[in-house]
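Because the structure is predicted, anything quoted here is derived from the model rather than measured. If you read the sequence from its start, that first residue is 1, and numbering goes on from there.
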Amino acid sequence: MPLIEFSDCGLYCRAGGFYIDPWKPVERAVITHAHSDHARWGSKYYLCHHHTLPLLQLRLGQNQYQSIGWNEPIYINGVRITLHPAGHIIGSSQIRVEYEGEVWVISGDYKTENDGLSGEFEAVKCGNFITESTFGLPIYNWKPQAEIFNSIKTWIQKNQSEGKTSVLIAYSLGKAQRLLNCISEVSDKILLHGAVYNVHMALVNAGWKLPEVIRVTPETPKEILKGNVVIAPSSAESSPWIKKFAPYETGICSGWMQVRGNVRRKNADAGFALSDHADWKGLLEAVKATEAEKVFATHGFQSAFSRYLNENGIEAAEVKTEYGGEEEETVIEEVNNEEGTKSEE
């Protein structure tokens, strides 16, 4: 029996009696990060990183939580667990599980470029590596964050010169926080949709030093709404809420914007291929650095990615899970934020 099993509730460690990012309610859940496809309500006990704790409390409410730091071992029924930086979002962790000489690492979602906020990805050697493959095709090759940020700032400045508001569409947890320092270099005021503001305040209250922002409410003066920069979730794109910023342009921040046609299909004015996931090269670098004897690819282009690994001498298999890629996260976020958007209108 392998140390980690693929069950109908999620990744299961029978020896420890716990699940990793379960998609159904269980007794014990070890959570890689606070995105809602990996952290779901209903389990009895949750274990996560210290930085993830306030985000779980925001999104799942009050539960029985325990948090630990990176590289801080904890034992559950004799199974050794450590968390290691994944670089995906604030608090995101890879989970290393060891028992009787068998070592597995579950990556959760990750990216290999250090964004200066989420923690630098740490390659962890193991026998078996479960990796995401959201962007597991060679076409996905990210530009450096600094270069993308320069493009965003240039776009904002162009809009400012034309008297337009710049509305950036980004996940409320993850990209929204990454964008703040970039935007603050070219705009005196950063306006946030309520869903983004709630995450922002959860982090500020937990001690994170983030740029000052303004929450958009029905009472926000019209002169503040015009000509500044707004960060909003995807649920706001097609809602009446966004019309209050007219004249405005929208820029979507997503790895899917690497494919130019997606900008047109989204009816956006601009697309920035800014992702919280590893690109093709990052995935390959991470897999090789683990020196794993076997790799399991989950969600995204797992079939193509695992086939490539096998053809290049790394034993691999694809695994079906209920974890979402960025498109799936968008759908989940839209559901989570729908009511929030209505209340903002």
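Residues H50 and S67 bring a donor and an acceptor atom of their side chains to less than 3.5 Å of each other. The closest side-chain donor-acceptor pair between T131 and Y110 falls under 3.5 angstrom. Counting only N and O atoms by type, the side chains of E5 and S7 include no donor and acceptor under 3.5 Å apart.
Using modelled atom types, no side-chain atom of S187 and backbone atom of S184 make a donor-acceptor pair closer than 3.5 Å. A donor-acceptor distance shorter than 3.5 angstrom exists from the side chain of S133 to the backbone of H299, with no hydrogens or angles considered. When atom types are taken as modelled, the side chain of R178 and the backbone of S275 share a donor-acceptor pair closer than 3.5 angstrom. At distances below 3.5 Å, at least one donor-acceptor pair connects side-chain atoms of Q302 with backbone N or O atoms of G300. Remark: side-chain polar atoms of N310 are paired, donor with acceptor, to backbone N or O of A316 under 3.5 angstrom. Between the side chain of K294 and the backbone N or O of I130, no donor-acceptor pair lies under 3.5 Å. The closest donor-acceptor contact from the side chain of Q160 to the backbone of V186 lies under 3.5 Å. Listed for the S93 side chain is no donor-acceptor partner under 3.5 Å among the backbone atoms of I95. A donor-acceptor pair under 3.5 Å is formed between the side chain of T165 and the backbone N or O of G227. Checked by atom type and distance alone, the side chain of D269 pairs as donor or acceptor with a backbone atom of T250 at under 3.5 Å.
Under a cut-off of 6.0 angstrom, the local environment of CD in E223 is crowded, with over 12 non-hydrogen atoms contributed by other residues, nucleotides or ligands. Within a 6.0 Å radius of NZ in K153, other residues, nucleotides and ligands contribute more than 12 heavy atoms. Residue W208 places its CH2 atom among more than 12 non-hydrogen atoms of other residues, nucleotides or ligands, all under 6.0 Å distant. For N205, the CG atom sits in a packed shell: over 12 heavy atoms of surrounding residues, nucleotides or ligands are nearer than 6.0 Å.
The aromatic rings of H38 and H33 sit tilted, their planes meeting at an angle between 30° and 60°. Using bins of under 30°, 30° to 60° and over 60° for the plane-to-plane angle, the ring pair W256/F135 lands in the tilted bin. A parallel orientation is assigned to the rings of H200 and Y197, their planes being inclined by less than 30° (bins at 30° and 60°). Below 30°, between 30° and 60°, or above 60°: for F6 and F296 the angle between ring planes is between 30° and 60°, a tilted geometry.
A distance of 8.0 Å separates OG1 in T298 from CG in D109, rounded to the nearest 0.5 Å. To the nearest 0.5 Å, atom NE2 of residue H88 and atom CZ of residue F121 are 13.0 Å apart. Annotation: the span from H277 atom NE2 to I89 atom CD1 amounts to 9.5 Å, rounded to 0.5 Å. Rounding to the nearest 0.5 Å places CD of E293 at 7.0 Å from CG of N128. The CD1 atom of I31 sits 12.5 Å away from atom CG of L55, with the distance rounded to the nearest 0.5 Å. To the nearest 0.5 Å, atom OG of residue S118 and atom CD1 of residue I90 are 6.0 Å apart.
When side chains are defined from C-beta on, R28 counts as touching Y45, because their heavy atoms get closer than 4.5 Å. At a threshold of 4.5 Å between non-hydrogen side-chain atoms, the residues I152 and L179 count as touching. Contact check for V97 versus F18: side-chain heavy atoms found under the 4.5 Å cut-off. N141 has its side chain within reach of K281: a pair of non-hydrogen atoms, C-beta onward, lies under 4.5 Å apart. Proximity of W142 to K111: side-chain heavy atoms (C-beta onward) are nowhere separated by under 4.5 Å. Taking 4.5 Å as the limit, some side-chain heavy atom of P2 sits within range of a side-chain heavy atom of W104. Two residues are said to be in side-chain contact when any heavy atoms from C-beta on lie closer than 4.5 Å; T82 and N71 fail this criterion. Side-chain atoms of T52 and S92, non-hydrogen and from C-beta on, never get closer than 4.5 Å to each other.
Pairing each heavy atom of T112 with each of E285, the nearest pair is OG1-OE1, 4.4 Å. When all heavy atoms of N77 and A15 are compared, the pair lying nearest together is CB-O, 3.6 Å. Contact detail for V230 and W241: the closest heavy-atom pair is CG1-CH2, 3.8 Å. Nearest heavy atoms, A304 versus L137: CB-CD2, 3.8 Å. Residues L191 and I224 share a closest heavy-atom pair of CD2-O, 3.8 Å. When all heavy atoms of I148 and K143 are compared, the closest pair comes out as CD1-O, 3.5 Å.
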Please test R59 against H35 for side chain to side chain contact (heavy atoms under 4.5 Å, CB included), starting from the C-alpha separation and ending with a verdict.
-> CA-CA 9 Å; R59 293 196 150 186; H35 275 151; 4.1 Å; yes
Are Y140 and V259 close enough, and set up right, to give a side chain to side chain contact (heavy atoms under 4.5 Å, CB included), and what steps lead you there?
-> CA-CA 9 Å; Y140 296 109; V259 179; 3.9 Å; yes
Evaluate the criterion side chain to side chain contact (heavy atoms under 4.5 Å, CB included) for residue pair V167 and I169; output intermediate values, then yes/no.
-> CA-CA 6 Å; V167 181; I169 304 299; 4.1 Å; yes
Please step through side chain to side chain contact (heavy atoms under 4.5 Å, CB included) for the pair F149 and N181, ending with a clear verdict.
-> CA-CA 10 Å; F149 280 1; N181 283 329; over 6 Å; no
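Follow the hydrophobic side-chain contacts under 4.5 Å out from Y99 and you reach L11 in the same cluster. Clustering ILVMFWY residues whenever any of their side-chain heavy atoms sit less than 4.5 angstrom apart, transitively, puts L168 in the very cluster that holds V199. Connection of V319 to L283 is not established within any shared hydrophobic cluster, with ILVMFWY side chains joined at heavy-atom distances below 4.5 Å, either directly or through further cluster members. With hydrophobic clusters built from ILVMFWY side chains whose heavy atoms lie under 4.5 angstrom apart, Y65 does not share a cluster with L47. Note on M201 and L203: same hydrophobic cluster, where clusters join Ile, Leu, Val, Met, Phe, Trp and Tyr whose side-chain heavy atoms are under 4.5 Å apart, directly or indirectly.
Between K158 and E162 there is a salt bridge, since a side-chain N of the basic residue sits under 4.0 Å from a carboxylate O of the acidic one.
No option in H84, Q94, R96 other than H84 meets the side chain to side chain donor-acceptor pair (under 3.5 Å) test with E122.
Here the two rings, on F305 and W280, have centers that are under 6.0 Å apart.
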